[in-house]
Amino acid sequence: MHEQAEYDDADRLADLLEASEAFDEDVGKLLAKCEARTKRGLIASALCSAAFEHGFSQRVLLEIGLSGTALSLCRLHFEAVVRATWTAECAYDEWLEKFTTPVEGPEHVEPANPVSISKMIKHITSTVKHVGEEYALLNTTIPAMHSFVHSGAQAVVHALMPVYPIYTLMGALWNRNLLHLYTANTAVVAAGDGLLLPRMRLLREKHAGCMPPTRKEMAV
């Protein structure tokens, strides 16, 4: 009976990975149609591309069993999506101006003072409440994300376990898919093209089955 349960879990993960691959294909097609025409839109679109790459890589790594690295990417993926949304809908013009002004010096220096993820989420919540609230919920997993990124206890435990809990991997994949959905929506906002809105609705409806079980019907 235990072996059957493990087989069923592995089967469900395989099915979710397959559905996520189809989702990636459609998200990629939508992002390719999002052409930003403003400074704000250009930066947000670039962050959406970075976020998509992180998310895509997570899926590929999970498919070949490299779950430790896949889980480490959760943090990078999350930050890129949040920053993309904040840039598209909340960033101050002064910050955008500084961010796009070259900085002279022998070493790389960020052109604008960084804004913390927590402050970005609060700002997003005040502007687009349901999106900010979703980011705040996902933000509660940051301690575990940090642990994987910085080779902490989570990374050690993962490496010592013969088999990492499949449901945990499915949870990471569900959250990744939800972030992909917000990435696509942010790219549409950054492009400012109303003709893309029907495609966004279709994307959400077509791939509702690979969203987190409790949040399959999401307003975007």
Exercise. Going through the distances and angles, do Y135 and W86 end up as a ring-ring contact (aromatic ring centres under 6.0 Å, His included)?
Worked result: CA-CA 11 Å; Y135 289 164; W86 181 78; over 10 Å; no
For this session: Tell me, with the steps shown, if D93 and R40 meet side chain to side chain contact (heavy atoms under 4.5 Å, CB included).
Result: CA-CA 8 Å; D93 290 338; R40 178 186 297 273; 3.0 Å; yes
For this session: Please step through ring-ring contact (aromatic ring centres under 6.0 Å, His included) for the pair Y92 and H123, ending with a clear verdict.
Result: CA-CA 11 Å; Y92 305 108; H123 199 172; 5.2 Å; yes
Problem set entry | From CA spacing to verdict: side chain to side chain contact (heavy atoms under 4.5 Å, CB included), L62, L173 | CA-CA 9 Å; L62 286 173; L173 197 52; 4.0 Å; yes
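Distance alone, capped at 3.5 Å, places no donor-acceptor pair between the N177 side chain and the M211 backbone. Put simply, the side chain of W174 never gets that close to the backbone of L16: no donor and acceptor are under 3.5 Å apart. Using modelled atom types, no side-chain atom of R176 and backbone atom of Q58 make a donor-acceptor pair closer than 3.5 Å. For T87 (side chain) and A44 (main-chain N/O), no donor-acceptor pair under 3.5 Å exists by modelled atom type.
Relative ring orientation between H158 and Y164 is described as tilted, the plane-to-plane angle lying within the 30° to 60° band. Ring geometry for F56 against F52 counts as tilted: the plane angle lies between 30° and 60°, on a 0 to 90° scale.
One distance of note links CZ of R75 with OG of S147; it measures 12.5 Å at 0.5 Å rounding. Expressed to the nearest 0.5 Å, how far NE2 of H150 lies from OG of S72 amounts to 10.0 Å. Atom CG of residue L202 and atom CG of residue D26 lie 7.5 Å apart, to the nearest 0.5 angstrom. Note: E134 CD to K129 NZ = 13.5 Å, rounded to the nearest 0.5 Å. The distance from the OH atom of Y182 to the CD1 atom of I124 is 11.0 Å, given to the nearest 0.5 Å. Summarising the geometry, atom OG belonging to S20 is positioned 9.0 Å from atom CG belonging to L13; distances are rounded to the nearest 0.5 Å.
Remark: the D24 side chain and the H180 side chain contain an N/O donor-acceptor pair separated by less than 3.5 Å.
Using a 4.5 Å cut-off between side-chain heavy atoms of Ile, Leu, Val, Met, Phe, Trp and Tyr, with links allowed through other members, V149 and V156 fall into different hydrophobic clusters. By the criterion of side-chain heavy atoms lying less than 4.5 angstrom apart, applied directly or through intervening Ile, Leu, Val, Met, Phe, Trp or Tyr residues, M170 is grouped together with M161 in one hydrophobic cluster. The hydrophobic clustering, which links ILVMFWY residues whose side-chain heavy atoms are closer than 4.5 Å, places L196 and V189 apart. Residues L42 and F99 do not share a hydrophobic cluster, clusters being chains of Ile/Leu/Val/Met/Phe/Trp/Tyr side chains in contact below 4.5 Å. Two different hydrophobic clusters hold L76 and I43 under the rule that ILVMFWY side chains link at heavy-atom gaps under 4.5 Å.
In summary, D193 and K33 do not engage in a salt bridge, as defined by a charged side-chain N under 4.0 Å from a carboxylate O. Of the charged side-chain nitrogens involved, at least one lies within less than 4.0 Å of a carboxylate oxygen, so that E25 and K29 count as a salt-bridged pair. Ion pairing between a basic and an acidic side chain is recognised when a charged N comes within 4.0 Å of a carboxylate O; E97 and K39 show such pairing.
In this structure the side chain of T85 never reaches within 4.5 angstrom of the side chain of V128, judged on heavy atoms. Proximity of S116 to K119: side-chain heavy atoms (C-beta onward) are separated by under 4.5 Å at one or more points. Counting only heavy atoms from C-beta outward, the side chains of L179 and H54 never approach each other to under 4.5 Å. Here the side chains of L203 and H207 are in contact, with some heavy-atom distance below 4.5 Å. Here the side chains of L73 and L61 are in contact, with some heavy-atom distance below 4.5 Å. Using a 4.5 Å heavy-atom cutoff, the side chains of V188 and C34 are in contact. Within the 4.5 Å cutoff, side-chain heavy atoms of E21 are placed close to those of E63. With contacts defined as side-chain heavy-atom distances shorter than 4.5 Å, the pair N175/P212 qualifies.
Nearest heavy-atom pair across L47 and A84 is CB-CB, 3.6 Å. The shortest heavy-atom contact between L30 and M200 is CD2-SD, 3.9 Å. In this structure, L31 and T183 approach most closely via the heavy-atom pair CD2-O, 4.3 Å. Smallest separation of non-hydrogen atoms from W95 and N113: NE1-O, 3.1 Å.
No more than 12 heavy-atom neighbours from other residues, nucleotides or ligands sit within 6.0 angstrom of CD on E18.
Applying the side-chain contact (heavy atoms from CB on, under 4.5 Å) test between C90 and each of V115, T125, T127 identifies T127 as the sole match.
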